[in-house]
Amino acid sequence: MDPSTGSRLLPSILGIRLTGDLRAKLTVAAQRDGISDSALVRRLIADHLVDEAPVDRASGPRLVTQVPPEDLAAASRMLGTLTTFIVRAREAGEADGAGVIAAMEAAHERLVRLIERLETRS
């Protein structure tokens with residue numbers, strides 16, 4: 001971020017359309033270099049224009065999040081336990097149970113979304 005303006009150092013956005021095949025090749029090449037797809041495109045453009053463009057060429061390492069199977073399994077077990085608690089609380093029908101059920105259902109929904117995201121990364 002540029003502290004004087006609060007904007008990113010690369011404020012200009014260029015949207016391009018690619019075929020699926022070219023996009024896949026771009027992704028493979030970027031992963032091979034350990035950078036993002038957009039960083040590779042910026043570097044290719046700078047090379048083609050014979051421009052040093054140090055800010056455009058800058059890129060941090062690409063982070064690849066791999067969720068260990070045991071973590072995904074643990075999250076799934078937690079979801080099962082939470083589901084059991086919700087069912088039991090509903091069956092109990094206690095006067096103050098409504099708040100407890102609502103809190104558990106909110107946690108349940110967040111955990112479901114987390115597990116779905118983890119599954120797509122694995």
Side-chain angles (χ1 to χ4, degrees):
M1 298 283 262
D2 182 350
S4 64
T5 64
S7 65
R8 304 190 106 223
L9 293 175
L10 301 170
S12 180
I13 298 172
L14 172 66
I16 59 172
R17 294 183 184 270
L18 302 172
T19 62
D21 185 48
L22 185 58
R23 177 60 192 244
K25 290 176 182 176
L26 173 67
T27 299
V28 168
Q31 287 175 346
R32 180 190 61 232
D33 293 349
I35 59 175
S36 66
D37 296 0
S38 59
L40 179 58
V41 170
R42 290 192 308 270
R43 289 178 184 186
L44 292 170
I45 292 170
D47 287 347
H48 183 76
L49 298 175
V50 191
D51 190 337
E52 289 186 28
V55 174
D56 292 286
R57 290 176 181 274
S59 177
R62 186 171 182 107
L63 298 177
V64 177
T65 305
Q66 191 78 28
V67 179
E70 59 273 12
D71 289 349
L72 184 56
S76 295
R77 283 192 305 274
M78 287 190 309
L79 179 60
T81 301
L82 185 55
T83 301
T84 301
F85 289 153
I86 291 170
V87 169
R88 287 182 184 166
R90 285 183 184 152
E91 289 172 351
E94 296 178 26
D96 62 339
V100 173
I101 293 171
M104 286 191 292
E105 286 176 337
H108 183 271
E109 287 303 312
R110 286 191 294 262
L111 192 52
V112 166
R113 288 192 300 272
L114 172 67
I115 290 170
E116 289 171 347
R117 285 193 309 266
L118 293 176
E119 286 174 337
T120 60
R121 293 180 186 172
S122 295

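Each residue takes its place number in the sequence, starting with 1. All heavy atoms count here, side chains included; hydrogens, waters and symmetry mates do not.
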- Query: In Å, rounded to the nearest 0.5 Å, how long is the span from OG1 of Thr81 to CG of Leu111?
  - Reply: 10.0 Å

- Considering residues at least two apart in sequence or located in another chain, which fulfil the side-chain contact (heavy atoms from CB on, under 4.5 Å) criterion with Arg32? Ala29

- Item | Separation between CG of Leu22 and OG1 of Thr27, rounded to the nearest 0.5 Å | 9.5 Å

- Would a hydrophobic clustering, with Ile, Leu, Val, Met, Phe, Trp and Tyr connected at side-chain separations under 4.5 Å, put Leu114 with Val112? yes

- Step-by-step salt bridge (charged side-chain N to carboxylate O under 4.0 Å, His left out) determination, Asp47 to Arg43: CA-CA 6 Å; Asp47 287 347; Arg43 289 178 184 186; over 6 Å; no

- Atom CG of Asp37 and atom NZ of Lys25: how far apart are they, to the nearest 0.5 Å? 14.5 Å

- Task: Consider only side-chain heavy atoms of I, L, V, M, F, W and Y, link residues closer than 4.5 Å, and tell whether Val87 and Leu82 are in one cluster.
- Result: no

- Message: Just verifying a value: how many Å separate Ser38 OG and Leu14 CG, rounded to the nearest 0.5 Å?
- Response: 11.0 Å

- Ala53 backbone acceptor or donor facing Asp51 side chain under 3.5 Å: yes

- Nearest heavy atoms of Arg23 and Leu18, plus distance in Å: CD-CD1, 4.0 Å

- Task: Examine Ile13 and Ile16 and state if one hydrophobic cluster contains both, with Ile, Leu, Val, Met, Phe, Trp and Tyr joined whenever side-chain heavy atoms are less than 4.5 Å apart.
- Result: no

- Does the pair Met104 and Thr83 meet the rule for a side-chain contact (heavy atoms from CB on, under 4.5 Å), with working shown? CA-CA 8 Å; Met104 286 191 292; Thr83 301; over 6 Å; no

- Does atom CG of Leu49 have more than 12 heavy-atom neighbours, drawn from other residues, nucleotides or ligands, at distances under 6.0 Å? yes

- Query: What distance do Leu40 atom CG and Ile45 atom CD1 have between them, rounded to the nearest 0.5 Å?
  - Reply: 10.0 Å

- Look up atom CG in Leu79 and atom CZ in Arg110, then write down how far apart they are to the nearest 0.5 Å. 13.0 Å

- Message: Applying salt bridge (Lys or Arg N to Asp or Glu O under 4.0 Å) as the test, list every pair that has at least one member in residues 70-79; sequence neighbours left out.
- Response: none

- Note on the structure: Applying side-chain hydrogen bond (donor to acceptor under 3.5 Å, both in side chains) to Ser76 and not counting sequence neighbours gives none

